[in-house]
Undergrad: 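Take this structure first; my questions come after.
Both counts, for ligands and for their atoms, begin at 1 and track the order of listing.
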Amino acid sequence: MADPKTPRFVQTWLADDDAERDAARAALLASPASVAPKFFYDRLGSHLFEAITELPEYYPTRTEAAIFARHGAEMAAAIGARIALIDLGAGNCAKAARLFALLEPKRYVAVDISVDFLRDALRTLQREQPHIAMAGLGQDFSSSLDIPVDLVGDDRPVFFYPGSSIGNFAPDEALGFLRQIRSHADHGGLVIGVDLVKDAGVLETAYDDALGVTAAFNLNLLRNLNRVIESNFDVADWRHVARFDRAQSRIEMHLEARRALAVRWPGGERRFAAGERIHTENSYKYTAEGFARLLTHAGFAAPTHWTDPDGWFAVFWAPVA
Ligand code: AVI
């Protein structure tokens, strides 16, 4: 990063659209049918997710922000100085930017699936904070994390993964992902937000709000699928379902057929009975002790965490020796 006033942009990953389409069709034909949650996030889906984070029922975003506001100074003391902050799923970079005054990073590396999502936000941020060397990295880090060493330089790599996005991985995948982060974080560590197990009513309301924004977010996945695989889903035929499965400690989101129907796409079709479901997302909830164990298992040393007064959400600092 020769000129710290101009962010550097690197794209290390390109979508294989044919493979994605094949995988989507195969998952629809499976029993039970499923669709990968990445299909939520077309342009409208990303806006709907932003709207979800503003809902009174969806507590994770504001609860996490309150934990940072209340305990930020303690966190900064634990994390230490001379850091390169590596923001996984940076989006508009707003969450990380709020930590700059506390953590005083020397470098900031914003990672998202496409550098195009990052360009405007990062350029604006660079103008506001010219003393921090900034870079944008386009990468599908959920399949493989690869941070070019020159983006981190000699500073201590501190990964930032807020918003309880780790909950969208199954626990064995979460462990694999945390191990990958660990392997890139020598002398640094990980700051991660985790949604905690709680009353089923609170959880189910957070994923089935009164305005129907989460229902729209779930149903929009069918429209996106129509665009991607040229299927003919009619959104009106489907109902949003969100249930907490305590045995698996996860919120499951499904779409349920309101009547018997067939969905067609070029070269294929899938028939659904009335009441049959398509599984669209899991959102795992952890106990603080269980998540600390997962971090230790992944090779991090002595994790510390902070929670809100209700114990609904936790922010962990997991150092690497
Ligand atoms: C992105 N992720 C952390 C959200 C969650 O809570 O699992 C996605 C979401 N799905 C429905 N509401 C929010």
Undergrad: With only distance considered, is Tyr58 within less than 3.5 Å of ligand 1 through an N or O on each side?
TA: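 Between Tyr58 and ligand 1 (N or O atoms, distance only) the closest approach is under 3.5 Å.
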
Undergrad: Where on Phe40 is there a heavy atom closer than 4.0 Å to ligand 1, on the side chain, on the backbone, on both, or on neither?
TA: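 Contact part for Phe40 vs ligand 1: neither.
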
Undergrad: Does the ring center of Phe40 lie less than 6.0 Å from the ring center of Phe49?
TA: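 No: the rings miss the under 6.0 Å criterion.
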
Undergrad: Of all heavy-atom pairs between Glu269 and Ala262, which one has the smallest distance, and what is that distance?
TA: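 It is OE1-CB, 4.3 Å.
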
Undergrad: What residue and heavy atom of the protein are closest to atom 3 (C) of ligand 1, and at what distance?
TA: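 I find the closest protein heavy atom is Asn168 OD1, 3.2 Å.
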
Undergrad: Does some non-hydrogen atom of Ser165 fall short of 4.0 Å from ligand 1?
TA: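 Yes, that is the case, since the closest heavy atom of the residue is under 4.0 Å from the ligand.
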
Undergrad: With atoms numbered from 1 as shown, which atoms in ligand 1 lie under 4.0 angstrom from a non-hydrogen atom of Phe217?
TA: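 In order of numbering, the contacting atoms are 10 (N), 11 (C).
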
Undergrad: Going by distance only, is there an N or O of Ser283 that falls short of 3.5 Å from an N or O of ligand 1?
TA: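 Yes; at least one N/O pair falls below 3.5 Å.
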
Undergrad: Could you tell me if Asn282 and Arg250 have a donor-acceptor pair between their side chains, going purely by distance under 3.5 Å?
TA: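 Yes, Asn282 and Arg250 have a side-chain donor paired with an acceptor closer than 3.5 Å.
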
Undergrad: Looking only at distances, can you tell me whether any N or O atom of Tyr41, backbone or side chain, sits closer than 3.5 Å to an N or O atom of ligand 1?
TA: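 There is no such contact.
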
Undergrad: For Gly163, counting its heavy atoms only, list the atoms of ligand 1 lying under 4.0 Å from any of them.
TA: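 Those of ligand 1 that fall under 4.0 Å from Gly163 are 3 (C).
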
Undergrad: List ligand 1 atoms under 4.0 Å from Glu281, heavy atoms only on the residue side.
TA: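 It comes down to these atoms of ligand 1: 8 (C), 9 (C), 10 (N), 11 (C).
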
Undergrad: To the nearest 0.5 Å, what is the distance between OH on Tyr59 and CH2 on Trp312?
TA: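 Answer for the OH-CH2 pair, Tyr59 versus Trp312, is 7.5 Å.
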
Undergrad: Would you call Ser164 a ligand 1 contact, heavy-atom distance under 4.0 Å?
TA: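 True for this residue.
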
Undergrad: Roughly how far, to the nearest 0.5 Å, is CE of Met75 from CZ of Arg70?
TA: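 The CE atom of Met75 is 11.0 Å from CZ of Arg70, to the nearest 0.5 Å.
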
Undergrad: I want to know whether Trp306 and Phe313 have ring centres closer than 6.0 Å.
TA: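 No - the distance between ring centres of Trp306 and Phe313 does not fall below the 6.0 Å cut-off.
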
Undergrad: Are side-chain N/O atoms of Glu50 and His47 paired as donor and acceptor at under 3.5 Å?
TA: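 Glu50 vs His47: no donor-acceptor pair found between side chains.
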
